[in-house]
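What you see below is based on every heavy atom in this structure, not just the backbone, and it leaves out hydrogens, waters and symmetry mates.
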Amino acid sequence: MSDRAFGSRRLRGGCHCGAVRFEVEITGEAELIDCNCSMCAKTGFLHLIVPKSAFRQLQGADQLTSYRFNTGAANHLFCSVCGVKAFYYPRSHPDGVSVNWRCIDDQDRIELPIRHFDGRNWESSIDDLHRA
């Protein structure tokens, strides 16, 4: 699908080894966020931020390892088997889940716009992230 002309879609994804699996529902208003902070730049994380109600972990909760840094507000979750961060609970959206778009099954079938976020300068840029 090359445009955002869909109501809502339920997508599945997971980590590299398959131990962690999830389901997420997106709407035609979805966008991806490309952040340049130290964590995202080093891991290649491409954010699809959804409300917690649109996310459901299907398996692997017992395989997740948590990592927190700086303020400790963001809960970065990694598969303890393969090390992939398929989703986490971000500081920027405390009522949401940030899913790694690159961990979505068949993500190449949907084209979403990408917005850049200056995460290296998080404090001075966060207001821009919440403006749509």
Examine distances only and state if a side-chain atom of [X] and a backbone atom of [Y] form a donor-acceptor pair shorter than 3.5 Å.
{"X": "Ser98", "Y": "Pro90", "value": "no"}
{"X": "Arg21", "Y": "Arg12", "value": "no"}
{"X": "Asn36", "Y": "Gly119", "value": "yes"}

When you compare the side chain of [Y] with that of [X], does any pair of heavy atoms fall below 4.5 Å?
{"X": "Ser92", "Y": "Ile126", "answer": "yes"}
{"X": "Lys85", "Y": "Leu77", "answer": "no"}
{"X": "Phe69", "Y": "Met39", "answer": "yes"}
{"X": "Val20", "Y": "Leu64", "answer": "yes"}
{"X": "Arg102", "Y": "Leu46", "answer": "yes"}
{"X": "Cys79", "Y": "Cys17", "answer": "yes"}
{"X": "Trp122", "Y": "Cys37", "answer": "no"}
{"X": "Leu32", "Y": "Pro113", "answer": "no"}

Please report the interatomic distance [atom1]([X]) to [atom2]([Y]), rounded to the nearest 0.5 Å.
{"X": "His116", "Y": "Cys35", "atom1": "NE2", "atom2": "SG", "answer": "11.5 Å"}
{"X": "Arg109", "Y": "Ile104", "atom1": "CZ", "atom2": "CD1", "answer": "13.0 Å"}
{"X": "Ser66", "Y": "His76", "atom1": "OG", "atom2": "NE2", "answer": "8.5 Å"}
{"X": "Asn100", "Y": "Gln107", "atom1": "CG", "atom2": "CD", "answer": "9.0 Å"}

Starting from the C-alpha separation in whole Å, work towards a yes-or-no answer on side chain to side chain contact (heavy atoms under 4.5 Å, CB included) for Ile114 and Ile33. CA-CA 6 Å; Ile114 298 175; Ile33 299 171; over 6 Å; no
Can you name the closest pair of heavy atoms from [X] and [Y] and give their distance?
{"X": "Gln59", "Y": "Gly18", "result": "NE2-O, 2.8 Å"}
{"X": "Ala30", "Y": "Ile26", "result": "CB-CB, 4.1 Å"}
{"X": "Tyr89", "Y": "Gly96", "result": "CD2-O, 3.7 Å"}
{"X": "Cys82", "Y": "His16", "result": "SG-N, 3.5 Å"}

Verify the ring-centre separation between Phe45 and Tyr88: is it less than 6.0 angstrom?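 Yes, they do, as the ring centres are separated by less than 6.0 Å.
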Is there a side chain to side chain contact (heavy atoms under 4.5 Å, CB included) between Arg10 and Val24 once you walk through the steps? CA-CA 6 Å; Arg10 189 171 305 271; Val24 63; over 6 Å; no
Does Leu48 share a hydrophobic cluster with Val84, counting links as ILVMFWY side-chain heavy atoms below 4.5 Å and allowing steps through other members?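 Per the 4.5 Å side-chain linkage, Leu48 and Val84 are not co-clustered.
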CA sep, side-chain torsions, deciding dist, call: Arg91, Thr71, side chain to side chain contact (heavy atoms under 4.5 Å, CB included): CA-CA 9 Å; Arg91 173 183 173 198; Thr71 66; 3.7 Å; yes
What do the steps show when you test Cys40 against His47 for side chain to side chain contact (heavy atoms under 4.5 Å, CB included), and what is the final call? CA-CA 9 Å; Cys40 295; His47 301 263; 3.0 Å; yes
With sequence neighbours left out, write down each residue that passes ring pair (Phe, Tyr, Trp, His ring centres under 6.0 Å) with Phe55, or none if nothing qualifies. Phe22, Phe87
Which pairs, with at least one residue in residues 93-112 and sequence neighbours excluded, count as a ring pair (Phe, Tyr, Trp, His ring centres under 6.0 Å)? His93-His130
Salt bridge present between Arg9 and Glu25 (N-O < 4.0 angstrom): no
Electrostatic pair Arg115-Asp128, nearest N-O below 4.0 angstrom: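 Judged by the 4.0 Å cut-off on N to carboxylate O distance, Arg115 and Asp128 do not form a salt bridge.
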